[in-house]
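Values in this document were obtained by computation on a predicted structure and should not be read as measured data. Chain naming here is simple, since letters A, B, ... match the order of the sequence lines and numbering starts at 1 in each.
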Amino acid sequence: MNDITFELNHEQVTITADPSLRLLDVLRDRLHLTGAKEGCGEGECGACSVLINDQLANSCLVPLANVHKQRVTTIEGIATTKEGKLLQQAYSKEGAVQCGICTPGMMMASYALLKKHPHPTREQIQIGLSGNLCRCTGYNMIFRAIERAAKEGEGTW
Amino acid sequence: MNDISRSIPKLDSVPKAFGNERYVNDIRYENALYAKTLRSPHAKARILRRRYPELPAGYHIIDHTHVPGENVVNIIADDQPVFAADRVTYYQEPILLVIGPDKRVVLKLMKDIHIEYDIEVPQFEWTDSVVHYHFTKGNLAKVKEQADKVIRREYHSGYQEQLYIEPQGMIGYHDGKQVILEGSLQCPYYVKNALIRTLNCADDYVRVRQATVGGAFGGKEEFPSLIACQLAVAIEVIRKPIRLIYEREEDVESTTKRHPSHITMTAYVKDNEILGIQSEVGLDGGANIGLSGVVLSRALIATTGVYTIDHLDVTGDVYRTNTVPNGAFRGFGAPQMLFAVEMFMHHVAAELKVDALAFRQRYLAKQGDHTSTGGTFRDPIIMPEMLSRVLDESDYLNKRERYASPDSHRGIGMSWVLHGCGFTGSGEATHIKARVKLHKRTTDEVEILIAAVDMGQGVKTTMTKLVATILDVPMSQVIYDNPDTNFVPDSGPTVASRTMMIVGGLVARAARRLRDEWNAGEDQWIEERYVQPDYIKWDETTFHGDAYPAYSWGINIVEVEVDPATYEVTVLETWNIYDVGKAIDEQVILGQADGGQLQGLGLGYLEVMNHKQGVIQQRNVTDYIISTSVDTPPMHNYLMDNPYPLGPYGAKGAGELTLVGGAPAVALAIEQAIGKEIHEIPVTPERIMELMNDE
Ligand code: FES
Ligand code: FES
């Protein structure tokens with residue numbers, strides 16, 4: 001058991017726990033943030049995506065110890081931002097949400113992508129989402145949602 | 001009135017995007033216990049003895065001895081036990097649950113359980129036929145004598161895993177009156193009926209609620225009944241909340257998949273005309289029959305695809321092997337058959353040295369033609385218009401000519417498909433007998449009470465829109481919640497592309513009645529029941545008559561490039577056109593089109609799964625490869641209106657149609673790019689290499 005302190009969605013949290021616990025489990029079971037989902041548990045599907053110091057990461061592969069004194073952002077943290085709302089509206093308008101299990105992770109990947117490339121090409125979008133699997137949508141509507149969010153959010157990203 | 005097809009944002013897209021939607025794994029009950037399944041390490045064995053460890057307080061082992069009713073998961077045949085009792089028939093078959101508060105303790109207890117087996121020789125060959133069907137049309141024996149040429153080919157397809165991103169799972173508790181289960185499932189009443197049998201209890205003792213489903217594609221049609229029965233037995237004994245949620249590997253190794261198939265087609269030809277066809281279809285059912293017989297019948301009925309052939313002899317078998325049981329997957333037997341028949345029509349044309357497109361056009365079904373089972377295509381068939389549109393959009397003819405040169409390393413392929421809407425045969429009338437209800441509250445809000453599940457395909461949005469449009473009230477006045485068997489009537493399972501056409505049809509009828517009988521401020525109930533149109537006649541034993549009330553139609557065109565050095569296939573672009581009657585929401589159908597096609601293409605060239613001695617070799621997304629964003633081609637989808645008189649606003653089935661043509665279209669494209677006939681999917685680089693080396 002250790003005390004692990006990190007910034008979560010702009011608030012300081014301290015957790016007393018086994019430092020080898022997966023960040024995903026700590027978020028979901030201890031902090032009740034269930035927006036990050038478990039699809040594979042192996043770092044391959046992206047359903048558990050979060051940002052660590054603004055970098056996209058698969059929280060199923062991150063031991064809690066690794067986020068000590070770091071900055072973690074989850075979908076719950078993005079949801080209240082202007083960028084989050086822009087993305088959500090674009091996803092809704094473009095039909096990019098089906099079963100929705102991949103969607104929070106996709107939103108995180110989209111957010112990270114647009115922060116890096118405010119005017120992404122199709123190829124940049126495809127590469128930016130390549131760590132996030134979706135079995136429902138066939139991805140094209142997600143690509144278009146990101147393009148829409150880039151356009152409608154001109155200047156925001 | 002607005003055109004109903006005009007798209008609206010999906011009602012659940014906001015909570016889903018922000019992660020607020022509650023999937024089964026997000027449900028938290030105070031003190032819920034953790035459950036883990038102990039599974040067979042053998043493909044076939046007798047269980048001789050069990051030695052269970054001393055259990056610490058609060059820990060439990062639940063096995064077949066605890067089942068109060070029948071140790072059978074109610075599907076069709078009674079061959080899947082809830083818990084294996086004295087024998088196991090496939091690797092990873094469930095034997096018992098270990099349950100307790102701490103996952104680590106549970107996992108440790110699992111290791112201390114000793115089961116002694118008498119290992120038997122497993123069956124992996126396809127020899128033990130457990131379902132056999134045969135039917136004929138016309139008189140094939142006679143045309144065999146007239147034929148001047150016989151053309152025969154064999155086609156093979158492998159496993160396909162649904163790979164919904166949310167693994168299977170269920171959570172439940174006892175509230176003092178009922179066993180209440182909430183889970184990721186497609187068919188609340190399949191689960192409920194299975195529970196009643198396993199618990200041997202009264203109808204109102206069990207309650208099944210659908211949690212938001214993170215993808216299903218048929219994989220959550222029959223399988224959840226197994227999890228539910230196990231969990232319910234445990235809850236009966238322990239009387240505490242329990243979670244039984246699969247991890248990915250466990251899900252992939254032990255749950256149902258698409259049936260591998262072997263299909264032999266033989267054409268009897270005279271003067272370059274097909275007189276008749278014989279087809280023999282074999283499916284690997286796995287260790288129990290489950291839904292395999294129904295899957296087989298859909299495959300057999302699709303035996304001539306979109307073509308009218310007057311003389312047919314069709315046989316099919318489901319083989320029992322000691323492998324993981326196979327089951328429902330979007331398309332339900334049709335993808336394997338349509339792959340075979342689309343390839344075959346091209347291979348026959350090639351052998352006759354005639355143009356494949358013109359050859360196929362000669363046999364394309366027309367309104368009034370007889371189906372493979374001697375039923376009638378009653379409604380207008382608009383494939384010719386669809387064809388000319390999609391040929392134009394894709395520039396198919398020019399590309400087909402250009403890519404004929406082997407140096408291009410490119411190819412373009414086109415499949416023509418149909419999909420029978422709703423249950424096969426008289427299933428709707430005799431087995432399902434769907435009922436739906438609308439409830440108008442005194443607030444004038446209208447509740448839709450149906451058992452149809454939204455698993456991403458948009459039921460919540462389209463049903464609400466349908467009712468709101470008919471009643472001419474705002475969408476916010478119409479309520480659809482995830483089904484709960486305490487409140488919704490049995491409108492049947494969420495399968496077979498039946499939800500909008502059949503259930504939606506009933507809902508629309510109820511809504512029209514409500515509109516006519518509307519009394520503001522009054523509590524009103526409307527119920528509708530399915531009635532089979534009386535011109536639909538189906539004989540289940542001879543496979544004769546109308547197998548489906550209606551058909552949806554589609555054309556898929558796929559363009560590929562094959563790397564001449566690595567044989568890597570790149571899908572460059574696709575063009576697809578569909579007749580689904582009428583889209584209740586255009587964007588919803590286009591979303592089905594994108595997603596269904598990617599799965600269909602995956603079956604054709606990408607998704608490899610096999611077993612070795614009954615052990616599935618691909619266990620996670622690291623080794624079972626599905627399309628990622630990078631593999632996804634631009635997909636151009638077009639919808640044509642062709643309203644079906646009995647569907648709501650003319651809607652027919654859509655969900656499965658978008659998958660079934662993907663595999664043959666991509667295989668035909670690869671065939672052109674490499675200049676070799678293809679008989680087996682998925683067409684992987686290894687398979688292409690074999691074909692290229694095999695001069
Ligand atoms: S659950 Fe973390 S990447 Fe799949
Ligand atoms: S929407 Fe279902 S997995 Fe992406």
Region of [X] in contact with chain A, defined by heavy-atom distances below 4.5 Å:
X: B:Glu21; result: backbone
X: B:Leu590; result: both
X: B:Glu249; result: side chain
X: B:Pro15; result: neither
X: B:Arg28; result: side chain
X: B:Val213; result: backbone
X: B:Met455; result: backbone

Counting heavy-atom pairs under 4.5 Å to chain B, which of [options] comes out on top?
options: A:Glu44, A:Arg28, A:Met107; result: A:Arg28
options: A:Ile78, A:Ile127, A:Leu33, A:Ile75; result: A:Ile75
options: A:Gly128, A:Cys134, A:Ala79, A:Gly95; result: A:Ala79
options: A:Gly105, A:Gly35, A:Cys136; result: A:Cys136
options: A:Arg135, A:Gln126, A:Gln89; result: A:Arg135

If you tally heavy-atom pairs under 4.5 Å against chain A, which of [options] wins?
options: B:Arg22, B:Gln162, B:Gln592; result: B:Gln162
options: B:Ala216, B:Gly19, B:Pro634; result: B:Gly19
options: B:Pro167, B:Gly456, B:Gly214; result: B:Gly456
options: B:Gly602, B:Gly595, B:Gly215, B:Ser7; result: B:Gly595
options: B:Pro633, B:Gly591, B:Ala593; result: B:Gly591
options: B:Thr461, B:Asp631, B:Leu163; result: B:Leu163

Exercise for review: Flag yes if more than 12 heavy atoms outside A:Glu123 fall under 6.0 Å of its CD atom; otherwise flag no.
Suggested key: no
**Study point:** Lys/Arg cation over aromatic B:Tyr23: A:Lys37, 6.0 Å, 45° cone
**Key:** no
Point to revise | Residue from B:Asn576, B:Thr574, B:Thr658, B:Asn556 passing side-chain hydrogen bond (donor to acceptor under 3.5 Å, both in side chains) with B:Asn637 | key: B:Asn576
Check your understanding: Do you know which of A:Thr81, A:Thr74, A:Thr73, A:Thr80 makes side-chain hydrogen bond (donor to acceptor under 3.5 Å, both in side chains) with A:Asn9?
Key -> A:Thr74
Practice item. Quick one: sort the B:Phe217 and B:Phe329 rings into parallel, tilted or perpendicular, breaks at 30° and 60°. Key: tilted
Which region of [X], side chain (C-beta onward) or backbone (N, CA, C, O), has a non-hydrogen atom less than 4.5 Å from a non-hydrogen atom of chain B, or is it both or neither?
X: A:Lys93; result: backbone
X: A:Thr137; result: backbone
X: A:Met141; result: both

Salt-bridge criterion met for [X] and [Y] (N-O under 4.0 Å):
X: B:Arg248; Y: A:Glu38; value: no
X: B:Arg330; Y: B:Glu656; value: no
X: A:Asp54; Y: A:Lys115; value: no
X: B:Lys103; Y: B:Glu247; value: yes

Review point. Which atom names give the shortest non-hydrogen contact between B:Ile625 and B:Glu607, and what distance separates them?
Key: O-CG, 3.4 Å
Point to revise | Exercise: identify the closest heavy-atom pair between B:Ile171 and B:Arg243 | key: CD1-CG, 3.4 Å
**Study point:** A:Thr16 and A:Asp3: CA distance, side-chain angles, deciding distance, side-chain hydrogen bond (donor to acceptor under 3.5 Å, both in side chains) verdict
**Key:** CA-CA 4 Å; A:Thr16 309; A:Asp3 277 357; 2.8 Å; yes
Review point. What is the distance from atom CG of B:Leu598 to atom CG of A:Asn140, rounded to the nearest 0.5 Å?
Key: 8.5 Å
